[in-house]
Amino acid sequence: MKATGIVRRIDDLGRVVIPKEIRRTMRIREGDPLEIYTDREGEVIFKKYSPIGELGGFAAQYAETLHKTCDMAVIICDRDAIIACAGLPRKEYFEKAFSDELEQIIENRTFYHYSEGSERVPVTDDADSSNYISCAMPILSEGDLIGCVASVVTDAGERIDTDVESKLIQTAATFLGKQLDS
C-alpha cells in the first residue's frame with residue numbers, strides 16, 4: 001500500500017472526504033460505489049466497486065464467442081478499464097485504462113459507430129494506434145452506467161457488415177446490463 005501523506009478527519013456523520021487528487025488519479029466520480037474492507041492490522045481500505053467485474057468470466061466468454069463466430073475483435077469495459085477482450089493481444093489491453101475519447105462515448109450513454117472520414121477513437125491511449133473503436137454501446141443496468149461493449153478494427157482489417165456489427169454490439173451491451181439487473 002502506498003502512503004499519500006494526506007490526513008483527513010471523520011466528521012460527526014462518519015464521513016471522510018477523499019482528496020480530489022486521489023479521486024482524479026483513481027477515476028472516482030461522484031456517485032461511484034466503493035467497497036470497504038478492513039484487515040487485521042486495523043486498516044480500512046476503499047476499493048472501487050465494479051458490478052460488471054463480477055461478470056468478468058462471463059464477459060470474457062461473451063467476447064470470445066463474438067470473436068469466434070463473427071471474426072470481430074471485441075472489448076468489454078467497466079467504468080475504468082478493459083475487463084475482457086477477444087481478437088486482440090490480451091497483454092496489451094486487459095486491465096488497461098481505455099482512451100479519454102472512449103470514456104466520453106461511455107459517459108454520453110449513446111451508441112457510437114465510426115463513419116468514414118470522422119475522427120478515429122483509439123482503444124487506449126498507449127496501445128497500437130492502428131486499432132480503433134468501430135462500434136461502441138454503453139452497458140446500462142437499472143439506469144446506472146456500468147461499462148461498455150465495443151468492436152475494434154485495424155487500418156488493414158476487414159469489417160463485417162456495419163448493420164450486423166451494430167446489432168451484435170447493442171445486443172451484447174443490453175444482455176450484460178440485464179444480467180446485472182437481477
Side-chain angles (χ1 to χ4, degrees), residues 26-37 46-115 120-128 131-154 157 159-182:
M26 300 302 295
R27 297 177 109 168
I28 299 172
R29 299 167 206 76
E30 182 180 327
D32 281 355
L34 299 174
E35 278 186 284
I36 303 170
Y37 296 91
F46 289 91
K47 182 180 176 191
K48 287 186 69 173
Y49 175 71
S50 171
I52 200 163
E54 294 177 5
L55 295 177
F58 183 71
Q61 289 175 344
Y62 201 111
E64 193 63 38
T65 301
L66 280 174
H67 172 64
K68 285 182 179 176
T69 57
C70 304
D71 197 29
M72 179 171 60
V74 177
I75 61 167
I76 300 176
C77 312
D78 64 10
R79 294 283 306 272
D80 299 303
I82 298 167
I83 64 162
C85 65
L88 297 166
R90 183 175 162 87
K91 68 179 182 180
E92 284 185 40
Y93 292 96
F94 184 67
E95 294 185 343
K96 301 280 174 122
F98 42 81
S99 67
D100 292 337
E101 295 90 340
L102 181 54
E103 181 174 12
Q104 192 59 50
I105 291 168
I106 295 169
E107 292 295 326
N108 288 341
R109 297 174 176 241
T110 57
F111 176 72
Y112 165 84
H113 199 280
Y114 171 76
S115 57
R120 292 185 172 166
V121 174
V123 179
T124 64
D125 289 328
D126 59 345
D128 184 0
N131 291 339
Y132 61 95
I133 301 297
S134 174
C135 192
M137 180 69 185
I139 301 169
L140 299 172
S141 176
E142 297 178 350
D144 292 332
L145 189 56
I146 304 299
C148 177
V149 177
S151 59
V152 179
V153 294
T154 63
R159 297 178 64 184
I160 66 170
D161 180 84
T162 56
D163 289 336
V164 172
E165 177 187 36
S166 298
K167 292 296 180 194
L168 286 169
I169 295 301
Q170 290 175 357
T171 300
T174 302
F175 182 76
L176 290 170
K178 294 286 184 196
Q179 294 302 303
L180 294 166
D181 284 347
S182 44

Taking every non-hydrogen atom, the tightest pair across Gly177 and Ser141: O-OG, 3.6 Å
Residue pairs fulfilling ring-ring contact (aromatic ring centres under 6.0 Å, His included) with at least one residue in residues 60-87, sequence neighbours excluded: Tyr62-Phe175
Set of residues satisfying side chain to side chain contact (heavy atoms under 4.5 Å, CB included) with respect to Ala173, sequence neighbours excluded: Met137, Ile139, Val149
All salt bridge (Lys or Arg N to Asp or Glu O under 4.0 Å) counterparts of Glu64, not counting sequence neighbours: none
Pairing residues for Gln61 by the side chain to side chain contact (heavy atoms under 4.5 Å, CB included) criterion, not counting sequence neighbours: Phe58
CG-CD distance between Asp78 and Glu95, expressed to the nearest 0.5 angstrom: 9.5 Å
Shortest non-hydrogen separation from Ile133 to Tyr114 and the atoms involved: O-CB, 3.8 Å
Phe46 and Ile36, any side-chain heavy atoms less than 4.5 Å apart: yes
Tyr132 and its side chain to side chain contact (heavy atoms under 4.5 Å, CB included) partner, picked from Leu102, Val153, Val121: Val153
Result block: side-chain N/O donor-acceptor pairs under 3.5 angstrom for residues 103-111, not counting sequence neighbours:
residue, atom, partner, partner atom, Å
Glu103, OE1, Arg27, NH2, 2.5
Glu103, OE2, Arg29, NH2, 2.9
Gln104, NE2, Asn108, OD1, 3.2
Glu107, OE2, Arg29, NE, 3.4
Glu107, OE2, Arg79, NH2, 2.9
Asn108, ND2, Gln104, O, 3.3
Arg109, NH1, Gly143, O, 2.8

Thr174 side, atom OG1; Gln179 side, atom CD - distance, nearest 0.5 Å: 11.5 Å
Closest non-hydrogen atom pair, Ala63 against Cys85: CB-C, 4.5 Å
Which atom of Tyr93 lies closest to which atom of Ile82, heavy atoms considered: O-CB, 3.4 Å
Shortest non-hydrogen contact between Pro122 and Ser99, atoms and distance: O-OG, 2.6 Å
Main-chain N/O of Cys135 paired to Ser151 side chain as donor or acceptor, under 3.5 Å: yes
Distance (rounded to the nearest 0.5 Å) between Ile75 CD1 and Thr124 OG1: 8.5 Å
Student check: side-chain heavy atoms of Ile146 and Leu176 closer than 4.5 Å: no
Side-chain heavy atoms of Ile169 within contact of Met72, under 4.5 Å: yes
